[in-house]
Amino acid sequence: MILAAGLLVLLGLGLFVAGILTGATALYWGCVAACVVAAVLLVVARRRISAAASGGTPAAANGAPAATPGQGTAAPAGATEPAGAAAPAGPAAPPEDLPDPDVEEVEVTDLLLVVDLKDEVLVLDEHPRYHLADCVHLRGRTPIPLPVDEARTDGFTPCAVCEPDRNLAQRARARRHATGT
Ligand SMILES: [Zn+2]
């Protein structure tokens with residue numbers, strides 16, 4: 001089609017040149033006619049090409065089969081999302097939430113003994129009670145050892161669960177009894 005148009009243009013040019021050479025007006029008109037036909041052919045050819053390019057009729061054009069756009073390539077197979085990346089299973093929460101125990105109710109006789117004792121009790125940072133080593137409130141934590149008199153001076157109070165004052169007073173009495181003083 002385009003080739004034909006080109007030939008017509010050449011023909012028109014030939015007619016034009018011939019018209020100039022011969023001075024015959026008929027040849028001019030022949031030239032004009034050839035050019036008009038060539039233009040029409042070019043327009044039609046262009047439309048056909050653009051139509052073919054837009055996926056329409058496979059008409060002429062360069063017989064390349066309209067490359068079907070990759071509709072077939074399915075989604076990537078890695079659809080299994082690792083949904084488990086969430087909550088990092090924390091270390092089986094130690095009784096960190098355990099509320100501070102009540103304050104041990106100490107008898108005055110015990111208290112008078114305890115205030116002078118150097119026996120070691122255990123305290124927890126940021127917690128107001130002091131404890132004995134086997135107290136449930138120390139489980140899973142890192143207690144700080146402290147002489148009981150110092151703990152009291154620092155404002156710590158005895159734990160009502162492990163009752164350090166009563167136990168320490170009993171120990172003190174036992175020691176006194178053993179030494180006979
Ligand atoms: Zn305790």
Side-chain angles (χ1 to χ4, degrees), residues 2 43-181:
I2 293 176
V43 168
V44 170
R46 191 172 291 178
R47 279 187 184 169
R48 282 201 182 178
I49 287 173
S50 63
S54 65
T57 59
N62 34 5
T68 54
Q71 187 95 349
T73 58
T80 55
E81 215 166 280
E96 191 65 43
D97 296 341
L98 212 58
D100 288 314
D102 290 336
V103 180
E104 176 190 8
E105 290 188 23
V106 190
E107 295 184 24
V108 179
T109 50
D110 288 348
L111 190 60
L112 289 174
L113 270 174
V114 167
V115 289
D116 290 328
L117 292 179
K118 302 289 183 188
D119 292 50
E120 190 176 87
V121 292
L122 297 165
V123 298
L124 293 170
D125 204 19
E126 314 246 328
H127 289 273
R129 306 282 180 267
Y130 60 85
H131 305 265
L132 296 176
D134 56 352
C135 182
V136 66
H137 285 275
L138 301 177
R139 206 172 290 167
R141 304 180 184 180
T142 51
I144 305 162
L146 211 62
V148 63
D149 62 338
E150 194 176 320
R152 294 194 73 95
T153 309
D154 289 349
F156 288 98
T157 48
C159 162
V161 175
C162 54
E163 299 181 314
D165 281 8
R166 190 170 62 80
N167 282 283
L168 291 181
Q170 277 182 3
R171 269 187 235 169
R173 286 197 192 93
R175 279 200 298 263
R176 281 187 193 181
H177 189 70
T179 56
T181 54

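What you see is a predicted model, and the numbers here were worked out from it, not measured in a lab. Every number for a ligand or one of its atoms is a count from 1 in the order of the listing.
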Legend entry - Lys/Arg N to Asp/Glu carboxylate O, Arg173 vs Asp110, below 4.0 Å: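 So Arg173 pairs with Asp110 through a salt bridge.
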Legend entry - Count of N, O or S atoms belonging to protein, less than 2.8 Å from the Zn ion (ligand 1):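 Step by step: take the Zn ion (ligand 1), keep protein N, O, S below 2.8 Å, and you get 4.
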Inset, instruction - Work out which heavy atom in Leu117 is nearest to a heavy atom in Ala172; give both atom names and the distance. - result: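 Scanning both residues, the minimum pair turns out to be CD2-CB, 3.8 Å.
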Legend entry - Close side-chain approach of Arg129 and His137, heavy atoms under 4.5 Å: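 Of all side-chain heavy-atom pairs linking His137 with Arg129, none is under 4.5 Å.
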Legend entry - Non-neighbouring partners of Thr142 that pass side-chain contact (heavy atoms from CB on, under 4.5 Å), sequence neighbours left out: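 Here no residue qualifies.
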Legend entry - Heavy atoms of other groups near Glu150 CD, more than 12 under 6.0 Å: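 Check passes, neighbour count above 12.
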Legend entry - Euclidean distance, Leu138 CG relative to His131 NE2, rounded to 0.5 Å: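 So the gap between those two atoms works out to 5.0 Å.
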